[in-house]
Chemist: 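I'd like to ask you about the structure that follows.
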Amino acid sequence: AHGFGPSDEGRGPDKLGYLANDIGSSIGFCFPAPDAGEKAERGAQRTALWVGYLRSYEHMGRASLGCSGRCRCRADVIDAHETKRSVSVTDVRRVELVWTPRRK
C-alpha cells in the first residue's frame, strides 16, 4: 500500500477500513483463487467481490479499480463525491471476478 492506512475514523474497532488522504495513493489485495477441484481445470470460474466505500458531499475523490494475475475484472472508476445531496453514506460496488485456471 502506498498512501493508505487502516482507520476507523472515530467510529470504533468494528468499522475498520483503509483511508487515503493523498492523490496517487494505491492499495492492493491478494485473494486466494477459489478451490473447485476438477471444475477449475475445465475453465474459468466466476465469483463476486463487494467493495464498500464512503460516498460524501465533501473531501471525497475517485478510485480506479482493476485486477491482475489469474484474476480478471472489468476496469472501473468509483466516484465517491456525492453531488446531489449533503449526505455521507456507505456505498458498495459489485465487482465480478473471473479466475483463470493455472496452465500445466
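The model shown is predicted, which means the values in this text are computed figures rather than measured ones.
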Chemist: Checking the side chain of Gln45 only, and the main-chain atoms of Thr47 only, is there a donor and an acceptor separated by less than 3.5 Å?
Modeler: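 Between the backbone of Thr47 and the side chain of Gln45 there is no qualifying donor-acceptor contact (under 3.5 Å).
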Chemist: Are the side chain of Thr100 and the backbone N or O of Arg70 linked by a donor-acceptor pair below 3.5 Å?
Modeler: yes
Chemist: Indicate yes or no: at least one non-hydrogen side-chain atom of Leu65 is less than 4.5 angstrom from one of Val77.
Modeler: no
Chemist: Spell out, as yes or no, whether a donor-acceptor pair under 3.5 Å connects the side chain of His81 to the backbone of Glu58.
Modeler: no
Chemist: Would a single hydrophobic cluster contain both Leu54 and Val87, if residues Ile, Leu, Val, Met, Phe, Trp and Tyr are joined by side-chain heavy-atom contacts under 4.5 Å?
Modeler: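 No.
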Chemist: Should Leu16 and Leu19 be regarded as members of a common hydrophobic cluster, given that ILVMFWY residues are connected when their side-chain heavy atoms come within less than 4.5 Å of each other, either directly or indirectly?
Modeler: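 Not linked; separate clusters.
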Chemist: Considering non-hydrogen atoms only, spot the tightest contact between Tyr57 and Ser86 and give its length.
Modeler: CD2-C, 3.3 Å
Chemist: Indicate, with yes or no, if the rings of Tyr53 and Tyr18 have centres closer together than 6.0 Å.
Modeler: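 No, the ring of Tyr53 stays outside the 6.0 Å limit from the ring of Tyr18, centre to centre.
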Chemist: Check for me, please, whether Ile78 and Leu97 land in the same ILVMFWY cluster - side-chain distances under 4.5 Å, paths through other members count.
Modeler: yes
Chemist: What's the verdict on side-chain contact (heavy atoms from CB on, under 4.5 Å) for Val51 and Val95, showing C-alpha distance, side-chain angles and the deciding distance?
Modeler: CA-CA 7 Å; Val51 177; Val95 181; 4.1 Å; yes
Chemist: Please give me the minimum heavy-atom distance between Asp8 and Pro13, naming the atom from each residue.
Modeler: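 Of all heavy-atom pairs spanning Asp8 and Pro13, the closest is OD2-N, 3.9 Å.
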Chemist: Just wondering, do His2 and Ser26 contact through their side chains at under 4.5 Å, heavy atoms?
Modeler: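 Ser26 reaches His2 side chain to side chain.
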Chemist: Counting only heavy atoms from other residues, nucleotides and ligands, does the tally under 6.0 Å from CZ of Arg11 exceed 12?
Modeler: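 Count over threshold, so yes.
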Chemist: Ignoring hydrogens and angles, tell me if any N or O in the side chain of Arg55 forms a donor-acceptor pair with the backbone of Asp91 under 3.5 Å.
Modeler: no
Chemist: Does Leu49 belong to the same Ile/Leu/Val/Met/Phe/Trp/Tyr cluster as Phe4, with side-chain heavy atoms less than 4.5 Å apart forming each link?
Modeler: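 Yes, because Leu49 and Phe4 connect within a single hydrophobic cluster, where side-chain heavy atoms sit under 4.5 Å apart.
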Chemist: Minimum heavy-atom separation for Gly66 and Cys73, please, with both atom names.
Modeler: C-SG, 3.7 Å
Chemist: Evaluate the side-chain proximity of Glu96 to Arg46: yes if any heavy-atom separation is below 4.5 Å, no if none is.
Modeler: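 Arg46 vs Glu96: side chains touch.
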Chemist: Work out which heavy atom in Arg94 is nearest to a heavy atom in Ala48; give both atom names and the distance.
Modeler: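 What the structure gives for the nearest pair is NH2-CB, 3.5 Å.
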Chemist: For the pair Phe31 and Cys71, evaluate side-chain contact (heavy atoms from CB on, under 4.5 Å) and give the outcome as yes or no after the intermediate values.
Modeler: CA-CA 9 Å; Phe31 300 103; Cys71 180; over 6 Å; no
